[in-house]
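Reviewing the structure listed below.
Numbers restart at 1 for each chain; the letters A, B, ... are given by sequence-line order, proteins then strands.
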Amino acid sequence: MNARPDFPSYLAEMKWRGFFEQCTDEAALAELMAAGPVTGYAGFDPTADSLHIGSLVPIMGLLHLQRHGHRPIAIVGGGTAMVGDPSGKTELRRLLTVDDIDRNLAGIRAQLGRFLRLGDGPGDGLMVDNGDWLRDKSYIDFLRDVGRHFSVNQMLARDSVKTRMETGLSFLEFNYMILQAYDFLVLNRDHGCRLQVGGSDQWGNICSGIDLCRRLGRAEVYGLTYPLIMTAAGEKMGKTAAGAVWLDADRTSPYDFFQYWVNVDDRDVGRFLRLYTLLPPVRVQELEALQGADSRQAKQVLALEVTALVHGAEAAQAALAAARAAFGGGGDAASIPASVHTAADLAADGLALIDVLVSAGLVESKGEARRLVRQGGVRVNGEAVADEQRRLVAADVQDGRIVLQLGKKRHHHLRIEG
RNA sequence: GGGGGGGUUCCCGAGCGGUCAAAGGGAACAGACUGUAAAUCUGUCGGCGGACGCCUUCGGAGGUUCGAAUCCUCCCCCCCCCA
C-alpha cells in the first residue's frame with residue numbers, strides 16, 4: 001500500500017513523524033501492510049465530554065493510517081471506562097457514573113468523527129464503543145471465555161501492576177487489561193482488525209490483547225506504540241494556566257487554541273510540526289531550518305495547521321487574524337475572546353475594573369485582580385493601569401469596545417452594545 | 001487481628017501549644033530582559049475590605065486550653081512489620 005507520495009509506507013511516515021516508539025513485530029507488520037489494506041485501531045477514554053490535545057497523537061495516528069489506504073477504527077471506551085485504566089496512574093481515580101460516561105461518549109464521538117472519513121466504503125473508518133460488548137457481558141461467561149486465558153502470574157509482572165503494589169491496586173482496576181485485551185479480540189473477530197496503536201503506557205495492555213488473540217488461534221495481530229509526548233520543558237502536553245487545552249471550541253476557544261501553539265517552546269516546533277500537522281517533509285524541514293526570531297513563522301504555521309485540523313480552516317484564519325490584531329500588525333480582532341456589556345453599564349461611575357476582570361473569568365478573585373494591577377500587569381486600551389480603583393466608563397470605549405490586556409499575552413475585549 | 005509510621009495550603013515537604021495564612025523547593029502569575037521562545041534576575045502567590053482589620057484552612061467529628069496544624073478522645077484513609 002502506498003497512497004502517499006512522500007513516504008513509501010505508513011510505518012515509514014510514522015517513524016519520520018515521531019510516532020514510532022515500539023512495535024511488536026515490525027518486519028511482519030510491514031509485510032502485512034505492504035500486501036494490502038490493514039485495519040488498525042486506537043482507543044479513546046470518555047473521561048471528559050471533550051478530548052484534549054493529548055488525544056491528538058492517536059487521532060493523527062489513525063488519520064495517517066487512513067491516508068495510506070488502510071482502515072482506521074476509533075474505539076471509545078464506554079465499557080472500559082466503567083473500570084478505569086490503572087496504567088500510568090499512582091492511585092484509583094474517582095469512578096465515573098454511567099451517566100457521566102454516556103454524556104462524555106456523545107461528546108467524544110462527535111469530535112472523533114470530524115477527523116476521520118467514516119462509512120462503509122473501502123478504507124472508510126469505523127467508530128465503535130466497547131460498551132456495546134462489555135456492559136452486558138455476564139461475569140461468569142466472561143471468566144470462562146476470556147479469563148481462563150490469562151495467567152495471574154503474568155499479570156502481576158506487568159509494569160502497570162507492579163508500580164501499584166506499594167500504593168494499592170483494586171481488583172476492579174486489575175481487570176482492566178483483560179477487558180482491553182478482549183477488545184482487540186472482538187475487533188479482530190468482527191472487523192478483521194490486525195493492529196492496535198497506543199501510547200507507550202499502553203504497551204502492556206496491547207500485548208495482552210495480542211496474547212489473547214494468539215491463544216484463541218486468531219491470525220497474528222500487531223501492536224505499535226508512540227512515545228508519550230512531553231514539551232521540551234518536561235511537562236505534559238496541553239498544560240496551561242487556564243487548564244487543559246481542549247478540542248471543544250466552547251472549552252478552549254479557537255483563538256486560545258491557536259495561541260497555545262504559537263507559544264510553544266522553540267525546541268518543540270519541529271517535533272510538533274511533524275506530529276501534529278500533515279505538512280509534507282520538505283515543508284517541515286524548511287520550517288525547521290528557521291532559527292531564532294524567525295522560528296515564530298514556523299510556530300505560526302504550526303498553529304494555523306493544527307487549528308485548521310481541529311476547528312476548520314476558517315476558524316484558523318480568524319484566529320490568526322485576531323492574533324495579528326492583538327499583537328500589532330493589523331488583523332481582525334473579531335475572534336479575540338470578548339464579553340458583552342451595554343452602554344448603560346458604563347453610565348455614570350461605570351464598572352470597577354477589578355470586578356470586570358473577575359466576572360470575565362480572567363482572574364479567579366478580586367485579590368488576584370488587585371495584585372495584577374499593583375504589579376503593572378493590566379492595561380486598558382494599551383495603557384497600564386496604576387490605580388486599583390480604576391473604573392471603566394463610557395469614555396474608555398473605542399470603536400465599540402474596550403481592550404483589556406493581562407500581562408503581555410492575554411487579551412480580552414469588552415464589546416459595548418446598545 | 002497485633003505492633004509501628006503517616007495524612008499540612010496546586011504539588012513535594014517543614015512545623016509539633018502562642019511570634020502560623022503556616023519555612024523551603026517546584027509549579028503558576030506579574031515586572032525587567034527578549035522574539036507572543038528559552039535562560040536569568042526581581043516581585044507576588046487562601047478569601048474579603050483602601051489600610052493597623054476580619055473570615056476560612058493543616059484527613060473528619062468532638063474535647064482540653066485565655067489560645068491548637070501542634071495536646072486528648074473517637075472515626076476514616078494510606079504505608080510497613082507480625083499473624
Need the pair for [N]. Rule: Watson-Crick or G-U wobble, both distances under 3.5 Å, any strand; none if unpaired.
N      : answer
G24(B) : C12(B)
A30(B) : U42(B)
U70(B) : none

Rounded to whole angstrom, note down the [atom1] distance from [N] over to [M].
N      : M      : atom1 : result
U9(B)  : A69(B) : C1'   : 11 Å
C20(B) : C54(B) : P     : 16 Å
U70(B) : G17(B) : C1'   : 6 Å
G5(B)  : G15(B) : P     : 16 Å
G63(B) : G1(B)  : C1'   : 30 Å
U8(B)  : G59(B) : C1'   : 10 Å
G50(B) : A22(B) : C1'   : 26 Å
U64(B) : C71(B) : C1'   : 8 Å

Calculate the interatomic distance between [X] atom [atom1] and [N] atom [atom2]; express it in whole Å.
X         : N      : atom1 : atom2 : answer
Asp256(A) : U36(B) : CG    : P     : 18 Å
Leu406(A) : G31(B) : CG    : C1'   : 14 Å
Phe327(A) : U34(B) : CZ    : P     : 18 Å
Lys299(A) : U34(B) : NZ    : P     : 17 Å
Lys409(A) : G35(B) : NZ    : P     : 14 Å
Lys408(A) : A30(B) : NZ    : P     : 8 Å
Arg370(A) : G49(B) : CZ    : C1'   : 7 Å
Gln291(A) : U34(B) : CD    : P     : 20 Å

Criterion salt bridge (charged side-chain N to carboxylate O under 4.0 Å, His left out) on Lys299(A) and Asp266(A), from CA distance to verdict: CA-CA 8 Å; Lys299(A) 292 179 189 179; Asp266(A) 278 15; 2.7 Å; yes

Quick check on the 6.0 Å ring-centre criterion: do [X] and [Y] meet it?
X         : Y         : answer
Trp261(A) : Tyr276(A) : yes
His64(A)  : Tyr10(A)  : no
His411(A) : Phe327(A) : yes

Answer with base, sugar-phosphate or nothing: what part of the nucleic acid does [X] contact at a heavy-atom distance below 4.0 Å?
X         : value
Ala233(A) : nothing
Asn263(A) : base
Lys366(A) : sugar-phosphate
Val264(A) : sugar-phosphate

Which residue lies more 5' along RNA chain B, comparing Ser365(A) with Phe258(A) via nearest heavy atoms: Phe258(A)

Residue whose nearest RNA chain B nucleotide is more 5′ - Gln389(A) or Leu372(A): Leu372(A)

Side-chain heavy atoms of Phe44(A) within contact of Arg109(A), under 4.5 Å: no

Over-ring placement of Lys15(A) relative to Phe20(A), 6.0 Å and 45° cut-offs: yes

Can you say whether a donor on the side chain of [X] sits under 3.5 Å from an acceptor on the base of [N], or the other way round?
X         : N      : value
Asp294(A) : G35(B) : no
Gln375(A) : G31(B) : no
Ser295(A) : G35(B) : yes

Residues Trp133(A) and Asp183(A): side-chain donor-acceptor under 3.5 angstrom: yes

Gln259(A) side chain, from C-beta outward: closest of C48(B), G35(B), U36(B): U36(B)

Side-chain N or O of Arg371(A) closer than 4.0 Å to phosphate OP1/OP2 of G47(B): yes

Distance test, side-chain N/O of Arg410(A) to OP1/OP2 of A30(B), below 4.0 Å: yes

